[in-house]
2 protein chains.
Amino acid sequence: MARDLPSMKRDAIEIFNAAVSAVEPSAAVKRFLKAKGNTLTVSGHHYDLREIAHIYVVGAGKASAAMAKAIEDLMMARITDGAVTVKYGYVADLRRIRLTEAGHPVPDENGVRGSERIVEVLRKATGEDIVIGLMSGGGSALTPLPVEGISLADKQTLTRSLLNCGATIHEINSMRKHLSRIKGGGLARLAYPALVINLMLSDVIGDPVEVIASGPCVPDPSTFKDCQEIVEKYGLSDKLPFPVLEYIREGVEGRVPETPKPGDPLFEKVQNTVIGSNIVAVKAAEKKAKQLGYHTRILSTFIEGETREVAKVHSAVAKEIHKTGNPVEPPACVITGGETTVTIRGSGLGGRNQEFALASVSEISGLDHTVVLSGGTDGSDGPTDAAGAIADSTTWEKAKNSGLDPKAYLDNNDSHNFFEGVGDLLITGPTNTNVMDVRIILADPAEKT
Amino acid sequence: MARDLPSMKRDAIEIFNAAVSAVEPSAAVKRFLKAKGNTLTVSGHHYDLREIAHIYVVGAGKASAAMAKAIEDLMMARITDGAVTVKYGYVADLRRIRLTEAGHPVPDENGVRGSERIVEVLRKATGEDIVIGLMSGGGSALTPLPVEGISLADKQTLTRSLLNCGATIHEINSMRKHLSRIKGGGLARLAYPALVINLMLSDVIGDPVEVIASGPCVPDPSTFKDCQEIVEKYGLSDKLPFPVLEYIREGVEGRVPETPKPGDPLFEKVQNTVIGSNIVAVKAAEKKAKQLGYHTRILSTFIEGETREVAKVHSAVAKEIHKTGNPVEPPACVITGGETTVTIRGSGLGGRNQEFALASVSEISGLDHTVVLSGGTDGSDGPTDAAGAIADSTTWEKAKNSGLDPKAYLDNNDSHNFFEGVGDLLITGPTNTNVMDVRIILADPAEKT
């Protein structure tokens, strides 16, 4: 007996919620960091707290207040000082660790102030201390602390110029790291000679630690010479602020310090650990789906690309499940992660997850007992209060009967209003975490292959 | 020990060739149709040839001459008469069955002549006879036989108008079937009361028998009333030729016959069998990959969409194999089928398969021991003599070192010249078959997950 569609939609929501719970900041911190008696254990490493004079906590990112709260829960009495910067509103009730709210995605002066507080804390750290870093998505924009002589406005001009000239994200990051005191290993250098335990919630595909929050505790292989070549390659020498060009020139000439490089002994005192990521969420989703009786298949957590095209490929997998039971036999649950993009052509309201579900509506119409859910783990998809949406194999017909034309809404990028109309928005509220998106296909055709 | 990259590329080609061999027209016909003594067996149905007076063979499509050749090989002496129409050049050495070469994709007068020959053959068939149908890709354009009073030019105007007005493929097919004597069950009606054994090589995603060659032996649920509504919906009443509008009006009024409908007893005498399709090719590829020692996973044979975006999703799967061993453990072979599209923005030379491989080049660069092959089973990708191309995880670097910029070639839709430059075109020559495309990802990273 095939499941009924309403219960499959409830299953999809339950599977999505399991994914989000697994990367909830407090749960993630507590899974990797344990304080028991005099022993602090982090991902298999043991630290004897009797040998540690002070514990400092610093961090930045949308989830960092919630992560800091977990640290206070675990070891409030041992924390000497701390400072974390979050996006406006992403607060938690902290006692010992100082909280700064600042601008994101566009950095502001509060971000500079928060970064200065982080530097103040790091200045106190000695070789007898531990610095706990708490980095999460948004950490880069929330720690704007340019090197001496460069203003926040200069850095903003730099970022704009790099984006406009078509520089790669890799090139943009090299430039940013060389003009920042925190990014590209800067934080680890400021903390030295203290031990650094850096915990990261990854919002980047593939979890490259040098990219998450711009790698504040990770070596930077790029050089000032690379930066100079980027300036030349894109003809930026008359577009960038003079202090930026001047600083790069000084760097090339060795008159200002390079970013810390791979092999630098300071990194021997750094332990970088990804405590939450898309794959953690996706694996938790898989576990829940198995509990609910589905055969599961994780396709990829590296999914990128134009949302509606990616949705078509997902629907193609749903169709194959019906036809041949590949790549997984029904009752089937296929899970993917990552983050797609939307090229906006219309004037509607939506986000990449709602658009993904909307693009699936016509594709899965006519299949039997099929559900497609796409949701952002941060609980907020585009400029809407929905995390995503749920399409099923009857949505197309239901919508048509209510006078809603899925194609017209898709053409107008108006996924939010479409799913509000059919009553299938996925609403979770803010989750305080962000490990990109999770997509779930459930297929349980009555006629088994 | 991981395999070396050159041998993995040879594996990919061998896997692709196995896919094509499985759907070679003669092999496909002989797998489903067996003549032994007085018994003709077709896909499990047995026919006593002593009870059959005449066997007639009719067909249309690019592979239909090769299919007809297989029938002659099997039972030349029993064939009374036959007629098949192929695209110019897609010939075979036929003795008993008359071959007509005609225009494709734009129908021409030779196509009309070939269709008239098919009708002549069908007119002879009685209730004591068998008609063997041999349909393959292109069969629709190769059988232009408008109903009385409508010219080939009228039908061409109709097709252009429908394409321009944005009608769906479903709507276009309804119109075509109602204005044709062969499509939409017409051939089966002409053959009645003979037994019809219709063998199809499918070049359509999902193998819908009503779409392959426009379903000459399949009921057509659409009606003249549907056609009239399409005319009104798209405001075509002053755009279509008068005889077309007149014929539809007569149909609505019941003065000309409807297409044969589901449930029409004439279909009790029809056996439709898909003898070759994308899934057959993909499954043969899987079998070969297993023989070569790979763990395999078929993702979907329903893959559609913008080629470079679809390629990104495939590369995302390759990345996941490296990171977690999902959706299949290395040494891994992931196979997909279907047919993508290319939105042409540049002025280069290429096809969807070569573009797929080119779009993969940057994505899989940096992975370990990874190969992506994309090939058209007809052996001809776009207006080139290559079937497709092969990218591997070192192609990006190799190309850069030879002064070939993959991104620039991709921007210019110039995949053929790129792969000619790096020496990784997939060349098979014409295969005489077409079941769309097969894509193969091989990944065998040295460091196993």
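Just the heavy atoms: all of them, side chains too, but no hydrogens, waters or symmetry mates, feed the values below.
- No side-chain donor-acceptor contact under 3.5 Å links A:T307 and A:E355.
- In this structure, a donor-acceptor pair under 3.5 Å is present between the side chains of B:E306 and B:T343.
- Relative to the ring axis of A:F356, A:R308 does not place its NZ or CZ within 45° and under 6.0 Å from the centre.
- B:D437 has a carboxylate O that lies under 4.0 Å from a charged side-chain N of B:R352, or vice versa, which qualifies the two as a salt bridge.
- Proximity to chain B is absent for every atom of A:I205, based on heavy atoms less than 4.5 angstrom apart.
- The greatest number of non-hydrogen atom pairs below 4.5 Å with chain A, out of B:A316, B:G305, B:S315, is found for B:A316.
- Screening B:T336, B:V372, B:V334 for a side chain to side chain contact (heavy atoms under 4.5 Å, CB included) involving B:H314 leaves a single residue, B:T336.
- No other option in B:K312, B:E363, B:E309 has as many heavy-atom pairs under 4.5 Å with chain A as B:E309.
- Of the listed residues A:V310, A:V317, A:L299, the one with more heavy-atom pairs under 4.5 angstrom with chain B than any other is A:L299.
- Listed options B:P327, B:A318, B:G338, B:G337 were ranked by heavy-atom pairs under 4.5 angstrom with chain A; first place goes to B:P327.
- Here A:T301 is the residue among A:T340, A:T301, A:I279 with the most heavy-atom pairs under 4.5 Å with chain B.
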